[in-house]
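The structure appears below as structure tokens.
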Amino acid sequence: MQIEWSRYMARALQLAERGIFTTAPNPNVGCVIVRDGVIVGEGWHRRAGDGHAEVYALADAGERAQGATCYVTLEPCSHTGRTPPCADALIAAGVAQVCVAMQDPNPKVAGVGIKRLREAGITVEEGLMASEAELLNVGFCKRMRTGRPFVRSKLAMSLDGRTAMASGESQWITGAAARQDVQKLRAHSDAIVTGIGTVLADDPALTVRPEGDWYPDNEVVRQPLRVVVDSAGRTPSMAHLFDTDPPVWIATMGTQSAGTTVTLPADEAGNVDLVALMDRLAEAEINEVMIEAGAELNGGLLAAGLIDEIVIYMAPKLMGDGARGLFHLPALTTMAQNIELEIKDIRAVGKDWRITVRPKG
């Protein structure tokens with residue numbers, strides 16, 4: 001029985017993944033309805049404001065949902081938001097059993113949906129493929145539990161750990177396949193944060209430019225919020241960041257003529273308080289933040305304990321010991337102070353290697 005349950009939940013997770021570029025700030029959720037060993041309904045949450053996964057699956061199943069088992073990757077909601085409660089829809093459809101991968105970390109739900117199903121006489125099983133469901137919604141889960149977004153730093157480096165020449169020249173360290181892979185990271189990020197140094201040196205647009213068939217058909221490309229950490233308000237109004245929507249945030253301590261000024265306090269060093277920035281982004285319902293910046297900002301974020309994951313694209317080339325490194329961490333002076341990382345994934349992307357690590361603890 002456990003094998004059968006896993007097969008159906010795996011299908012629900014596969015469906016949920018179809019929404020990773022379009023559902024923010026909502027979580028990615030998939031649902032499969034099974035009756036007499038046959039899948040009779042499938043659905044996933046497509047975009048914020050649309051029906052939830054259970055609604056689409058129930059519509060697909062119709063009367064066949066009566067007495068069926070529902071496999072859903074996240075606890076059915078129990079509150080009225082943009083749509084009615086999914087727990088009530090399952091009860092009304094007469095399903096006999098609901099298998100839930102994980103409880104919803106949203107305090108508005110947090111077990112209430114499961115309780116409502118059980119009170120209606122529906123058998124509920126919890127925890128089936130919970131880790132996979134959690135991984136699918138790392139940003140949503142972290143924001144709900146901690147009040148801060150999931151922060152992922154993307155870096156490109158040479159084999160000797162260099163990100164740019166001493167002059168600042170950095171295009172292109174990696175190949176075309178790696179650069180397109182970065183577009184996927186951008187596409188399921190809700191915000192991209194960079195520093196004023198990167199803006200002045202490279203003048204990036206930081207937009208999603210999908211090529212190939214990985215972005216959903218018939219979907220308008222969702223551009224992430226762009227954020228510039230600019231303590232002194234030096235962002236030029238003609239920067240490429242301002243060529244496309246949505247508005248660009250300038251995180252500063254003073255005034256700024258370009259973009260949307262987000263005034264933040266200073267930290268002890270007199271720079272923008274990065275903890276306050278992440279808190280402000282969470283208030284704006286940002287689940288996942290991608291950092292595309294230089295060693296100074298990356299070092300500050302890492303030292304503050306704000307980076308959850310680092311994705312490094314390593315190119316098979318050498319740039320020399322005069323070139324720039326990944327993180328500016330002057331406080332580290334002994335081996336005992338090193339920041340230990342855990343490797344989560346290594347794989348080839350074109351001619352380069354993508355290494356995914358997370359700080360231990």
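These figures come from a predicted structure and were not determined experimentally.
Taking 4.5 Å as the limit, every side-chain heavy atom of V227 sits out of range of all side-chain heavy atoms of V248. With contacts defined as side-chain heavy-atom distances shorter than 4.5 Å, the pair N287/P149 does not qualify. When side chains are defined from C-beta on, V262 does not count as touching I250, because their heavy atoms never get closer than 4.5 Å. Within the 4.5 Å cutoff, side-chain heavy atoms of P204 are placed close to those of T198. Residues V72 and V98 meet the side-chain proximity criterion, which asks for heavy atoms closer than 4.5 Å. Under the 4.5 Å side-chain criterion, counting only non-hydrogen atoms from C-beta, V221 is not in contact with R209. Looking at heavy atoms from C-beta onward, T69 lies in side-chain contact with C99 at the 4.5 angstrom threshold. Put simply, the side chain of V100 reaches to within 4.5 Å of the side chain of V124, judged on heavy atoms.
Across all non-hydrogen atoms, the minimal contact from D60 to G41 is OD2-CA, 3.3 Å. Of all heavy-atom pairs spanning A293 and N298, the tightest one is O-ND2, 3.0 Å. In plain terms, the two heavy atoms of C70 and C31 that are nearest each other are SG-SG, 3.4 Å. Annotation for F21 and P216: closest pair CD1-CD, 3.6 Å, computed over non-hydrogen atoms. The two atoms that bring T73 and A133 nearest to each other are O-CB, 3.6 Å, heavy atoms only. Closest approach of F140 and P105 over heavy atoms only: CE2-CG, 4.0 Å.
Atom CG of residue D190 and atom CG of residue L225 lie 9.0 Å apart, to the nearest 0.5 angstrom. In this structure, CD1 in I312 is found 10.0 Å from CD1 in I346, a value given to the nearest 0.5 Å. How far SG of C86 is from CD1 of I91: 11.0 Å, rounded to the nearest 0.5 Å. Here the CE-CE distance, from M157 to M314, works out to 5.5 Å after rounding to the nearest 0.5 Å. The CD atom of E211 sits 10.0 Å away from the CZ atom of R179 when rounded to the nearest 0.5 Å. Taking CD of E17 as the reference point, atom CG of L136 lies at 6.0 Å (rounded to 0.5 Å).
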| request: Please test D308 against R152 for salt bridge (Lys or Arg N to Asp or Glu O under 4.0 Å), starting from the C-alpha separation and ending with a verdict. | output: CA-CA 6 Å; D308 298 293; R152 177 183 293 110; over 6 Å; no
| query | Should N28 and T23 be marked as a side-chain hydrogen bond (donor to acceptor under 3.5 Å, both in side chains) after you check the CA-CA gap, both sets of side-chain angles, and the distance that decides it? | reply | CA-CA 6 Å; N28 305 298; T23 60; 2.8 Å; yes
| task | Check the pair E288 / K142 against salt bridge (Lys or Arg N to Asp or Glu O under 4.0 Å), numbers first and verdict last. | result | CA-CA 9 Å; E288 294 191 30; K142 186 185 176 189; over 6 Å; no
| said: Between L58 and I33, does the side chain to side chain contact (heavy atoms under 4.5 Å, CB included) criterion hold? Intermediate values first, please. | reply: CA-CA 8 Å; L58 288 171; I33 297 175; 3.5 Å; yes
| request: Carefully, step by step, assess R116 and D88 under the rule side chain to side chain contact (heavy atoms under 4.5 Å, CB included). | output: CA-CA 8 Å; R116 186 176 295 185; D88 290 353; 3.0 Å; yes
| task | Take K317 and D160, measure what salt bridge (Lys or Arg N to Asp or Glu O under 4.0 Å) needs, and give me the verdict at the end. | result | CA-CA 8 Å; K317 59 184 65 172; D160 52 349; over 6 Å; no
| query | So R347 and D345, salt bridge (Lys or Arg N to Asp or Glu O under 4.0 Å) or not? Walk me through it. | reply | CA-CA 7 Å; R347 66 184 63 202; D345 184 72; 2.8 Å; yes
| message | One pair to check against side chain to side chain contact (heavy atoms under 4.5 Å, CB included): I39 and Y8. What are the steps and the verdict? | response | CA-CA 8 Å; I39 294 177; Y8 297 132; 3.9 Å; yes
| query | Which is it for R222 and Y215 under the side chain to side chain contact (heavy atoms under 4.5 Å, CB included) test, yes or no, and what are the steps along the way? | reply | CA-CA 10 Å; R222 180 180 67 95; Y215 200 86; 4.0 Å; yes
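Remark: R186 engages E292 in a salt bridge, criterion side-chain N to carboxylate O under 4.0 Å. Salt bridge status for E342 with K360: absent, with no side-chain N to carboxylate O gap under 4.0 Å.
Not one N or O on the side chain of S189 forms a donor-acceptor pair closer than 3.5 Å with the backbone of V289. Between the side chain of T174 and the main chain of A178, no donor-acceptor pair closer than 3.5 Å is present. Between the side chain of E75 and the backbone N or O of G111, at least one donor-acceptor pair lies under 3.5 Å. Listed for the R64 side chain is a donor-acceptor partner under 3.5 Å among the backbone atoms of V40. For N26 (side chain) and A48 (main-chain N/O), no donor-acceptor pair under 3.5 Å exists by modelled atom type. Between the side chain of R226 and the main chain of A205, a donor-acceptor pair closer than 3.5 Å is present. Looking at R148, its side chain never comes within 3.5 Å of a backbone N or O of M144 through a donor-acceptor pair. N137 places no side-chain N or O within donor-acceptor distance of the main-chain N or O of C141, the cut-off being under 3.5 Å.
Note on I114: it does not cluster hydrophobically with V112, by side-chain heavy-atom contacts below 4.5 Å among ILVMFWY residues. Hydrophobic clustering (ILVMFWY, side-chain heavy atoms < 4.5 Å, transitive): L306 and F327 are in one cluster. In the hydrophobic clustering of this structure, V34 does not group with V38; members are Ile, Leu, Val, Met, Phe, Trp, Tyr whose side-chain heavy atoms approach within less than 4.5 Å, directly or through other members. L155 and I307 fall within a single hydrophobic cluster, where Ile, Leu, Val, Met, Phe, Trp and Tyr side chains are chained together by heavy-atom contacts under 4.5 Å. Note on L15 and L90: separate hydrophobic clusters, where clusters join Ile, Leu, Val, Met, Phe, Trp and Tyr whose side-chain heavy atoms are under 4.5 Å apart, directly or indirectly.
For T252, the side chain to side chain donor-acceptor pair (under 3.5 Å) criterion is met by no residue, not counting sequence neighbours.
Side chain to side chain, H45 and D50 fail the donor-acceptor criterion of an N or O pair below 3.5 Å. A side-chain donor from one of W214 and Q180 sits under 3.5 Å from a side-chain acceptor of the other.
Sorted by first and then second residue, the salt bridge (charged side-chain N to carboxylate O under 4.0 Å, His left out) pairs involving residues 125-134 (not counting sequence neighbours) are R118-E126, E134-R145.
For the pair R46 and Y56, the cation-pi test (distance below 6.0 Å, angle within 45°) is passed.
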Distance-only donor-acceptor hits, side chain of residues 234-241, under 3.5 Å, sequence neighbours excluded:
residue : atom : partner : partner atom : Å
T235    : OG1  : D230    : OD2          : 2.7
H240    : ND1  : D243    : OD2          : 3.0
H240    : NE2  : D203    : OD2          : 3.4

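Atom CD of Q223 has more than 12 heavy atoms from other residues, nucleotides or ligands within 6.0 Å.
Checked options L302, V193, L274, I291; the residue passing with V151 is I291 (criterion: side chain to side chain contact (heavy atoms under 4.5 Å, CB included)).
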